[in-house]
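Notes follow the structure.
This one's a predicted model, so the numbers in the text were calculated from it and none came from an experiment.
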Amino acid sequence: MRSPKTPSGGVPGRILIIDDHAENITLLERILAKAGYRQVASTTNSDDALTLHKQFKSDLVLLDFHMTGKDGFEVLEEIVSNSAGHPVS
């Protein structure tokens, strides 16, 4: 099965990567780019995650749960509590 393409040639969908290790982000960005995803945002700072999620309007969040500072569970709680009307699973 082939993935649908956007006008820019990429696969539709906005993906946000939140991980405190830049090398993990780089790896995921490469994998997603190879799969055709062009709308990918990322941050290594868990304190910026909610703001970036709101601004970017991500469809999918790839979230590291073991981060320094605010851990992934706290970030997830923030996203869920601020996602009124949008499913989070």
Side-chain angles (χ1 to χ4, degrees):
M1 176 191 266
R2 298 180 76 161
S3 299
K5 301 289 182 187
T6 64
S8 64
V11 176
R14 296 172 180 263
I15 300 174
L16 173 59
I17 304 168
I18 306 166
D19 195 312
D20 60 340
H21 296 284
E23 59 275 3
N24 292 343
I25 290 175
T26 301
L27 176 63
L28 287 169
E29 287 173 339
R30 287 181 184 163
I31 291 168
L32 292 168
K34 190 172 183 178
Y37 290 94
R38 303 289 179 254
Q39 297 183 72
V40 178
S42 61
T43 184
T44 56
N45 185 341
S46 59
D47 292 326
D48 296 337
L50 181 61
T51 301
L52 186 55
H53 173 66
K54 287 179 177 180
Q55 290 173 347
F56 188 62
K57 297 182 172 112
S58 50
D59 300 308
L60 174 68
V61 177
L62 301 177
L63 176 60
D64 178 10
F65 281 100
H66 300 286
M67 294 186 287
T68 55
K70 207 182 300 180
D71 70 20
F73 292 103
E74 293 171 288
V75 172
L76 180 60
E77 285 178 12
E78 287 181 350
I79 290 172
V80 169
S81 66
N82 286 280
S83 295
H86 300 285
V88 177
S89 55

Using 0.5 Å steps for rounding, measure from the [atom1] atom of [X] to the [atom2] atom of [Y].
X   : Y   : atom1 : atom2 : value
L62 : I25 : CG    : CD1   : 10.0 Å
L63 : I17 : CG    : CD1   : 11.5 Å
Y37 : L60 : OH    : CG    : 8.0 Å
K54 : I79 : NZ    : CD1   : 10.5 Å

Problem set entry | V61 and V75, any side-chain heavy atoms less than 4.5 Å apart | no

Exercise. With a 4.5 Å heavy-atom cut-off, do H53 and N82 have their side chains touching?
Worked result: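 The answer is no; the side chains never approach within 4.5 Å.
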
When hydrophobic residues are tied together by side-chain contacts of less than 4.5 Å, even through go-betweens, does [X] share a cluster with [Y]?
X   : Y   : answer
L27 : I15 : no
L52 : V80 : yes
I18 : F73 : yes
F65 : M67 : yes

For this session: Mind checking side-chain hydrogen bond (donor to acceptor under 3.5 Å, both in side chains) for D20 and listing every partner two or more places apart, or none if nothing turns up?
Result: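 Applying side-chain hydrogen bond (donor to acceptor under 3.5 Å, both in side chains) to D20 gives none.
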
For this session: Any pair with a residue in residues 68-77 that passes salt bridge (Lys or Arg N to Asp or Glu O under 4.0 Å), sequence neighbours left out, goes on the list, sorted by first then second residue, please.
Result: D47-K70, K70-E78

For this session: State, to 0.1 Å, how close T43 and A49 come at their nearest heavy-atom pair, and which atoms those are.
Result: CG2-CA, 4.4 Å

Problem set entry | Over all atoms of both residues, closest heavy-atom pair of Q39 and F56 | O-CZ, 3.4 Å

Exercise. Would a distance-only check, ignoring hydrogens and angles, find a side-chain to backbone donor-acceptor pair under 3.5 Å from R38 to A33?
Worked result: yes

